[in-house]
Amino acid sequence: TDPALIRNFCIIAHIDHGKSTLADRMLQITGVVDDRSMRAQYLDRMDIERERGITIKSQAVRLPWDGHVLNMIDTPGHVDFTYEVSRSLQACEGAVLLVDAAQGIEAQTLANLYLAMNADLHIIPVLNKIDLPAAQPEKFADELAGLIGCDPSDVLRVSGKTGVGVRELLDHVVQTVPAPVGNADAPARALIFDSVYDTYRGVVTYLRVIDGHLGKRERILMMSTKAAHETLEIGVISPEPKPSDLGLGVGEVGYLISGVKDVRQSRVGDTVTTVVKPAEEMLAGYDHPRPMVFSGLYPIDGDEYPELREALDKLQLNDASLIYEPETSAALGFGFRVGFLGLLHMEIIRERLEREFGLSLISTAPNVVYRVVMEDGSELTVTNPSEFPTGGKIAQVFEPVTKSTILAPAEFIGAIMEICQGRRGQLLGMDYLSEDRVEIRYTLPLGEIIFDFFDQLKSRTRGYASLDYEPAGEEESDLVKVDILLQGEAVDAFSAIVHKDKAYTYGVDMAKKLRELIPRQQFEVPIQAAIGARVIARENIRAIRKDVLAKCYGGDISRKRKLLEKQKEGKKRMKMVGRVEVPQEAFVAALSTD
Ligand code: GTP
C-alpha cells in the first residue's frame, strides 16, 4: 500500500468510556465484520475459549475506508501497562481521545493524553455516549477543548452504541491524521508493539514498519538481542490474520510469526530488521519494564510446588514482564518471589494461576523494592521484607515514589487531601478543569498506594475520584522492619517494612488479628511485634487442654478411631512455627488485605 493512503491511529480513553464499543462500530461500518458475525466487544478476546487461537487479542485491525487503509491499534488502558501503551502509541500518527459525555475527563484520560502528546500524535477529541440522557456535551466539550487547546466546536460527538457520528469520525481520521513517512529504500526497521504467545503457532509479533520492507520467508534480526529468526508468516489483521505474499512496507501495521516460543525473544519495544541488510540503529526508547511490586506466592498444598513452577514458566512465555525466583519461607514452605508491574498485573497473574492452572495459592502482602545503604557504604536491594537487614548498621533506606494524579468533583478536595496526607503525600499542585472538577497532584510513596489506597479513595469519594500514577524515582525515608513473633520465633511471612510512624499500628493490628486466628494450644503462646529486639506490641493466646477423646463418652472404639484420623488430617493442614501449630487458614486470613 502507498503510505500516503495509510492512517495509523489508536483510541485512548479512561476505563468504561466506551473504547471497545466504538471499535465494534468501526469494524461494522467499514464492513470488516458483517452484521451477522458481529458480537459485542469483538476485539476483547481475553476470555478463556478465545485465548487459544491465534486471534487471541487482535491488537491492530486494518479497516478499509474511503479508498484508504486505516490501522486501528488497540492500547491496554491501565497504569501498570503504561510502557506497552507508549509503544502502541509510537506505532501511530494519530489518537482519538474518547471521553464519556456523561462523565467528563478522568485520570486515565489525562495520563493517556500526555503519553499521546509526548509521542507527537495528532489528537482528535471526541465525546462519546451522546445518546445518554445524562450526557452534557456542551459542558464537556468546553472542558476537553480547554485541556488540549482547541475550539469546543472541534470536539466531535459520537455514540458508539447507536453509531451516530462514527462515519464522520472515520472521515475525520482520513482528513487529519498524517500519513506515515519512512524511507522505503532504507534497511528495514519495524517496531514491536505487542507480542503474544499462541499454543499452536508460537509467538505472534505485532509490528509497525517504519522504514524499508519485511517480506515472507526472510531472515529477521531482533536488534536488542541480536537473535535471528526466519519469518514463517507475515500479514495483516482484518479482523482475522491474513497472510500476505507481499510482506509489509513503510507505514504498514501487521503481524509476523517466526516460530519462537517465548515472548522474551520478541519483546515489546524491540526493533526488527533483516539479516541481509540490517539497520544500523534501533528505534529509540527501547526499555525493559521494571517490576515495581513483589509478593511471595506459595501453594497451599506444598505438593503443588512443581505445578506452580510449571504454571509460572508457561505464563512467562506470554508475559515478558513477569519475573520470579524460588524462595523458601520457614512458615509457608517452598514458593516463589514474584515481581509485577503493579497491583493489577499481580491480580491478573494470580487469577490466571488459580483459574487456568487450578492452583490454590497463598500470597504474602505485596511490597515495593527498597534500596538500603549500610554505614560501611555497601548497598542492597530488598524485594522481600524478611531480608531487610536488622541491627544498627543501616545508614539510609530509599523507597520508590510516584507522581499521582487524582481527578474528582471539587466537593471531595478535603477528603482526598486527608487521605494523601495520611499516607505521607506531598502536595504538588491543584488545578480546576471546570468550576466543579479538580485535578490534584501529589508525590506519594508507591508502598502507600499499593496498600488499599484506591479502595479508600473510592469509598471516601463515593466512587467519583479517579487515580493515575507514574514512577518518579526514589526518596529517602524512615522505614523499619516490623517482625511478628510467635513464642519468640519470627514468622517470616508476616514481616513488613513500614514507616516508623506506622510501625506501632501495624504491630498492634497484626498481633490482634493473629490472636483471633490461631487456635489455643496446649501451652500459652505469646504473640509479639518487634522492631529489631524492641517489642512494640504483645498479645497472648491462653493455653487449653485439647482432649478430643473426652467428647466420646467411653465405649465406641471405631468412633474414637475416626476422630483420631480426623485430627491427623487436620494436622496436615497445620504449619509448625517452632512448637506452635498454625492452621493454614490463619495465614490466608492474616495475609489478606482487609
Ligand atoms: P474497558 O475495555 O473496560 O476500558 O472499557 P471500554 O472503554 O472499552 O468501554 P466499553 O466499550 O466496554 O463500554 C463501557 C460501557 O459503556 C458498556 O456498558 C457500554 O455498553 C457502554 N457504552 C459504550 N458506548 C456507549 C454509547 O455510545 N452510549 C451508551 N449509552 N452506552 C455506551
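As the structure lists them, so they are numbered: ligands from 1, and atoms in each ligand from 1. Just so you know, residue 1 is the first one in the sequence shown, and it goes up from there.
- Counting the atoms of ligand 1 from 1 in the order shown, those under 4.0 Å from a heavy atom of Asn128 are 24 (N), 27 (O).
- Interface atoms of ligand 1 facing Gly160, defined by a heavy-atom separation under 4.0 Å, are 27 (O).
- Note on Lys139 versus Asp436: salt bridge recorded, some NZ/NE/NH1/NH2 to OD/OE distance being below 4.0 Å.
- Arg441 has a carboxylate O that lies under 4.0 Å from a charged side-chain N of Glu439, or vice versa, which qualifies the two as a salt bridge.
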Under 3.5 Å, side-chain donor or acceptor atoms of residues 404-413 against the rest of the protein: list the pairs with distances, not counting sequence neighbours.
residue : atom : partner : partner atom : Å
Ser404  : OG   : Thr402  : OG1          : 2.9

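- Close approach of ligand 1 to Leu132 (heavy-atom distance below 4.0 Å) involves ligand atoms 30 (N).
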Let's go through Trp65 and Asp171 carefully: what are the C-alpha distance in whole Å and the side-chain angles of both, what is the deciding distance for side chain to side chain contact (heavy atoms under 4.5 Å, CB included) to 0.1 Å, and is it a yes or a no? CA-CA 8 Å; Trp65 186 250; Asp171 289 340; 2.9 Å; yes
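- The 12-atom threshold is exceeded at CZ of Phe357, counting heavy atoms of other residues, nucleotides or ligands nearer than 6.0 Å.
- Of the heavy atoms in Asp131, only side-chain atoms (C-beta onward) come closer than 4.0 Å to ligand 1.
- Contacts between Lys161 and ligand 1 below 4.0 angstrom, taking non-hydrogen atoms only, involve backbone and side chain alike.
- Remark: among candidates Ile15, Val164, Leu127, the nearest residue to atom 4 (O) of ligand 1 is Ile15, based on non-hydrogen atoms.
- Within a 6.0 Å sphere centred on NZ of Lys161, heavy atoms belonging to other residues, nucleotides or ligands number 12 at most.
- Partners of Phe336 under the ring pair (Phe, Tyr, Trp, His ring centres under 6.0 Å) rule, at least two apart in sequence or in another chain, are Tyr305, Tyr324.
- For atom 8 (O) of ligand 1, the choice among Ala101, Gly18, Ser20 with the nearest heavy atom turns out to be Ser20.
- Polar contact check, Ser159 against ligand 1: a nitrogen or oxygen pair lies under 3.5 Å apart.
- Using a 4.0 Å cut-off between heavy atoms, Ala13 makes no contact with ligand 1 at all.
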